[in-house]
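The structure presented is a predicted model; accordingly, all values stated were derived computationally and were not measured.
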Amino acid sequence: MTDSATPIDSSSPSTRIQELGATSGPLKSAAFFIGAYCKEYNEDFMLCKSESRDPEHCLKEGRKVTRCAIDLITKMQENCGAQFKEHWGCLEKNNQAYYMCRQPERVLNSCMFEKLGLLKTIPGSPEGKKPIHEIEKPIFTGVQK
């Protein structure tokens, strides 16, 4: 473990990791797709993290998660770039609130399914009920029950 006065070893594998390079809007827009697309890598990383509290213990698994997310974001930009930008732009303008951006989200979800075969699923959604992001005209109240 190093402190702030200790220089970072430039030959260390941890210094050669490419950053994802995305802000919160694009990451939130892509979050459910990243969760599905990179599920195996995410699970390996979380299992590794449960084995040890040493940050260096899981660098290899962390790099795999990062590479997977970079791969998906690149594919999203190449195949559904306009729809992706529209959705994350809406999130940026609306304080990251999904419910304010359902229309561009539906267009992005459709494109992602058509071009990449990825379907947005929300973990923990009730079985047999239509997911919130697919409801055409949801009714919002002061208190959700």
### Task
State whether the number of non-hydrogen atoms from other residues, nucleotides or ligands found under 6.0 Å of Lys49 atom NZ is greater than 12.
yes
### Task
Report, as yes or no, whether the 6.0 Å neighbourhood of atom CD on Glu40 holds more than 12 heavy atoms from other residues, nucleotides or ligands.
no
Heavy-atom donor-acceptor pair, [X] side chain to [Y] backbone, under 3.5 Å:
{"X": "Asn95", "Y": "Ala97", "answer": "no"}
{"X": "Ser29", "Y": "Gly25", "answer": "no"}
{"X": "Lys64", "Y": "Tyr41", "answer": "no"}

To the nearest 0.5 angstrom, please state how far the [atom1] atom of [X] sits from the [atom2] atom of [Y].
{"X": "Cys68", "Y": "Lys39", "atom1": "SG", "atom2": "NZ", "value": "13.0 Å"}
{"X": "Gln96", "Y": "Cys101", "atom1": "CD", "atom2": "SG", "value": "8.5 Å"}
{"X": "Asn94", "Y": "Met100", "atom1": "CG", "atom2": "CE", "value": "4.5 Å"}
{"X": "Arg102", "Y": "Glu105", "atom1": "CZ", "atom2": "CD", "value": "4.5 Å"}
{"X": "Thr23", "Y": "Leu91", "atom1": "OG1", "atom2": "CG", "value": "10.0 Å"}
{"X": "Leu47", "Y": "Asn42", "atom1": "CG", "atom2": "CG", "value": "11.0 Å"}

Distance-minimising heavy-atom pair for [X] and [Y]:
{"X": "Lys75", "Y": "Tyr37", "result": "NZ-OH, 2.8 Å"}
{"X": "Cys38", "Y": "Ala69", "result": "SG-N, 3.7 Å"}
{"X": "Met76", "Y": "Ala30", "result": "SD-CB, 3.6 Å"}
{"X": "Cys80", "Y": "Lys115", "result": "SG-CG, 4.1 Å"}
{"X": "Leu108", "Y": "Gln83", "result": "CA-CB, 3.9 Å"}

### Query
Heavy-atom distance under 4.5 Å between the side chains of Ile73 and Phe84, does that happen here?
yes
### Query
With the 4.5 Å side-chain cut-off for hydrophobic clustering, are Phe45 and Leu27 part of the same group?
no
### Task
Could you go through the side chain to side chain contact (heavy atoms under 4.5 Å, CB included) check for Leu72 and Met112 one step at a time?
CA-CA 11 Å; Leu72 179 64; Met112 291 295 289; 4.3 Å; yes
### Query
How are the rings of Tyr98 and His87 set relative to one another: parallel (under 30°), tilted (30 to 60°) or perpendicular (over 60°)?
parallel
### Task
Start with the C-alpha distance between Ser110 and Glu114, add both sets of side-chain angles, then the distance that settles side chain to side chain donor-acceptor pair (under 3.5 Å), and finish with yes or no.
CA-CA 6 Å; Ser110 176; Glu114 289 171 15; 3.1 Å; yes
### Query
Considering the options Phe113, Phe32, Phe33, which one meets the side chain to side chain contact (heavy atoms under 4.5 Å, CB included) requirement together with Leu118?
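Testing each of Phe113, Phe32, Phe33 against Leu118, the sole residue satisfying side chain to side chain contact (heavy atoms under 4.5 Å, CB included) is Phe33.
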